[in-house]
2 protein chains.
Amino acid sequence: MFTTEKEYLKHYNVHDYDVPLVSVDIAIFTLLDGKLHILLVERGDFPEKGRWSLPGGFINQQQDKDLHATALRKLTEKTGVKTPHLEQVATIGNTKRDPRGWSVTALYMGLIPYAPTADFIETVADARWWPYEIAIKQNLAFDHIELVTQARERLRVKSGYTVLPVYVLNAPFTLTQLQQAFEELLGTEIEKKSFRRRIQAADLLEEVGEGLPEGGRGRIAALYRPKKGSEQHAFLRAFGGVED
Amino acid sequence: MFTTEKEYLKHYNVHDYDVPLVSVDIAIFTLLDGKLHILLVERGDFPEKGRWSLPGGFINQQQDKDLHATALRKLTEKTGVKTPHLEQVATIGNTKRDPRGWSVTALYMGLIPYAPTADFIETVADARWWPYEIAIKQNLAFDHIELVTQARERLRVKSGYTVLPVYVLNAPFTLTQLQQAFEELLGTEIEKKSFRRRIQAADLLEEVGEGLPEGGRGRIAALYRPKKGSEQHAFLRAFGGVED
DNA sequence: GCTTATTATTGGCGTATTGCCACTTAATTG
DNA sequence: CAATTAAGTGGCAATACGCCAATAATAAGC
């Protein structure tokens with residue numbers, strides 16, 4: 001859109017001030033080849049032109065009925081996925097995160113199953129999946145390294161007491177695939193029997209037949225998918241035992 | 001009205017251009033007579049004049065270096081408490097929450113010990129502690145009933161796996177007082193022995209002598225206060241057993 | 001077809017944690 | 001000094017977890 005910083009600054013001065021100066025940024029995670037990946041976009045404009053950053057942008061007051069809708073719109077634009085897991089992580093606002101001054105962004109975390117044929121990636125030339133460990137070594141735009149880190153931390157912690165990792169898998173999946181997703185997202189290994197006991201005690205999955213995972217060997221496994229309405233359910237016990 | 005151009009420009013900037021249209025609202029909770037209370041303020045201006053609402057307001061770009069500072073400033077203005085527990089709950093933005101159109105607010109939750117003499121309440125004529133159950137039956141301004149409910153829910157859930165209830169007590173306190181705070185904030189009863197085992201296993205409190213709570217009877221109790229740096233520590237086990 | 005390799009699933013047992021409840025200890029009250 | 005109140009502990013059954021080995025069911029190689 002702009003070819004020089006000077007041109008950008010000129011435009012910025014006459015910017016329309018009616019929109020609330022709140023942006024939405026989304027850390028979209030998936031699992032690819034067993035590794036956590038994150039979707040980054042290359043900035044086409046100043047400031048920070050050419051740097052990789054989280055997909056995001058401003059609220060469209062006509063289109064978006066709420067912040068969640070803004071995040072969902074941005075995510076869908078980049079990935080084509082219509083029903084991801086999408087949750088707010090935090091809202092960061094301070095004087096230092098943007099050279100232009102006080103700036104506020106609502107950070108969301110999105111989880112989607114990887115689409116092997118990656119149809120949608122073709123539609124956005126500037127977007128690319130990065131292995132998480134490589135992504136955080138990039139020199140990301142603005143304070144996006146901190147946003148990415150916060151979202152990753154939320155993902156890690158919440159994977160400890162919810163079924164979040166379910167949302168980076170294509171259903172149906174086997175318990176072993178699910179365990180590997182948990183392990184990658186948690187960053188620790190889990191003992192097989194303990195994992196299965198806890199997942200099954202939580203009663204958040206339903207069996208949908210059996211089969212072998214793509215190109216797999218060995219004994220056929222039971223296949224599962226998340227039960228409807230199991231979205232945010234914790235499966236760790238707090239005080240007072242099991243709730244009803 | 002303005003004596004220098006500089007002063008004028010500064011004023012112009014603040015009000016017509018550079019202010020992010022983001023407000024901050026705070027649900028401040030405390031424990032009074034064993035019951036959860038929330039601090040509400042009576043609105044002195046339109047819209048919603050005369051209704052009770054959460055304390056809050058806009059970012060002061062000169063004073064506040066970040067959103068947390070804005071929330072802390074608002075909280076201190078109303079309560080005088082300088083070192084509360086303060087955390088962000090969520091950010092709500094949509095077209096319906098304010099009759100004036102698209103509106104975004106960052107919701108914070110603050111926890112403070114009740115000040116029995118309530119010095120600070122005198123300083124703000126419009127602020128008052130309400131028992132939580134009564135507060136939510138008021139006809140609160142804007143969508144504040146939903147904000148209050150969200151903050152309450154965060155408080156409830158997080159009290160299940162952290163020591164949050166510590167922050168509504170004046171230290172030092174007895175384990176029984178702490179248990180009663182947990183029970184009120186969780187909304188469930190806790191078995192005494194289980195509670196003590198878990199709290200002590202978590203090792204987040206330090207003993208600071210013994211005594212009787214104000215006007216108490218019976219055997220003297222050990223008194224505790226939170227250890228430094230124990231703020232956000234969970235004390236429930238997740239996968240993989242105890243972390244180090 | 002038969003053996004080997006690979007993966008899924010279950011069994012079993014020692015240990016840690018929790019729920020439950022009664023008992024002991026130490027203070028106040030009258 | 002007895003009765004009352006509240007703190008703190010003991011003990012045990014039930015549950016959950018970590019560990020590891022046994023069994024089951026498939027593919028791959030010969």
Side-chain angles (χ1 to χ4, degrees), chain A residues 34 159-161 163 169 171-183 186 188-225 233-244, chain B residues 34 159-162 169 171-183 186 188-225 233-244:
Chain A
S159 293
Y161 60 92
V163 288
L169 292 181
F173 44 79
T174 68
L175 287 184
T176 301
Q177 289 176 310
L178 182 59
Q179 179 174 345
Q180 288 166 351
F182 265 90
E183 290 176 336
L186 279 170
T188 73
E189 298 204 337
I190 307 172
E191 205 284 323
K192 183 167 53 171
K193 187 71 182 289
S194 304
F195 176 76
R196 293 164 101 94
R197 258 191 311 230
R198 265 174 69 159
I199 288 289
Q200 287 178 327
D203 194 32
L204 300 173
L205 303 179
E206 56 186 357
E207 203 175 329
V208 289
E210 45 182 36
L212 274 181
E214 194 73 22
R217 309 206 299 197
R219 177 172 168 178
I220 58 171
L223 298 172
Y224 297 87
R225 71 173 170 217
H233 265 69
F235 59 88
L236 277 189
R237 306 187 339 144
F239 274 123
V242 180
E243 287 187 31
D244 275 333
Chain B
S159 293
Y161 60 91
T162 68
L169 292 179
F173 44 79
T174 68
L175 287 185
T176 301
Q177 289 177 311
L178 182 58
Q179 179 175 344
Q180 287 166 352
F182 265 90
E183 290 177 335
L186 279 169
T188 73
E189 299 204 337
I190 308 172
E191 204 284 322
K192 182 166 60 168
K193 187 71 183 291
S194 303
F195 176 75
R196 288 167 174 255
R197 262 190 309 230
R198 265 174 70 156
I199 287 290
Q200 288 177 327
D203 195 32
L204 299 173
L205 302 179
E206 57 186 356
E207 203 176 330
V208 290
E210 46 182 36
L212 275 180
E214 195 73 22
R217 309 207 301 195
R219 177 172 169 178
I220 57 172
L223 298 173
Y224 296 87
R225 70 173 171 218
H233 265 67
F235 59 87
L236 277 191
R237 304 186 340 144
F239 273 123
V242 180
E243 286 186 30
D244 274 334

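Chain letters run A, B, ... following the sequence lines, proteins first and then strands; every chain starts at 1. Small disclaimer: the values here were computed from a predicted structure and weren't measured.
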From D:dG8, D:dT5, D:dA7, nucleotide with atom closest to B:Leu175 side chain: D:dG8

Nearest to side-chain heavy atoms of B:Thr174, which nucleotide of C:dT9, D:dA7, D:dC19: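 For B:Thr174, the side-chain atoms sit closest to D:dA7.
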
Would you kindly give the [atom1]-to-[atom2] distance between [X] and [N], to the nearest whole Å?
X	N	atom1	atom2	value
B:Glu210	C:dT28	CD	C1'	16 Å
B:Gln200	C:dT17	CD	P	14 Å
B:Ile199	D:dG8	CD1	P	13 Å
A:Ile190	D:dA16	CD1	P	18 Å
B:Leu223	C:dA26	CG	P	17 Å
B:Lys193	C:dT18	NZ	C1'	11 Å
A:Arg219	D:dA28	CZ	P	18 Å

Phosphate contact (D:dG8 OP1 or OP2) by B:Arg196 side-chain N/O below 4.0 Å: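 Indeed, a polar side-chain atom of B:Arg196 lies that close.
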
Touch class at under 4.0 angstrom, heavy-atom based, for A:Thr176 against every strand present: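 It contacts sugar-phosphate atoms only.
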
Touch class at under 4.0 angstrom, heavy-atom based, for B:Ala201 against every strand present: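 Nothing, no nucleic acid heavy atom in range.
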
5' precedence on DNA chain C between A:Ile220 and A:Arg197 (nearest-nucleotide basis):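 Nearest nucleotide further toward 5': that of A:Ile220.
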
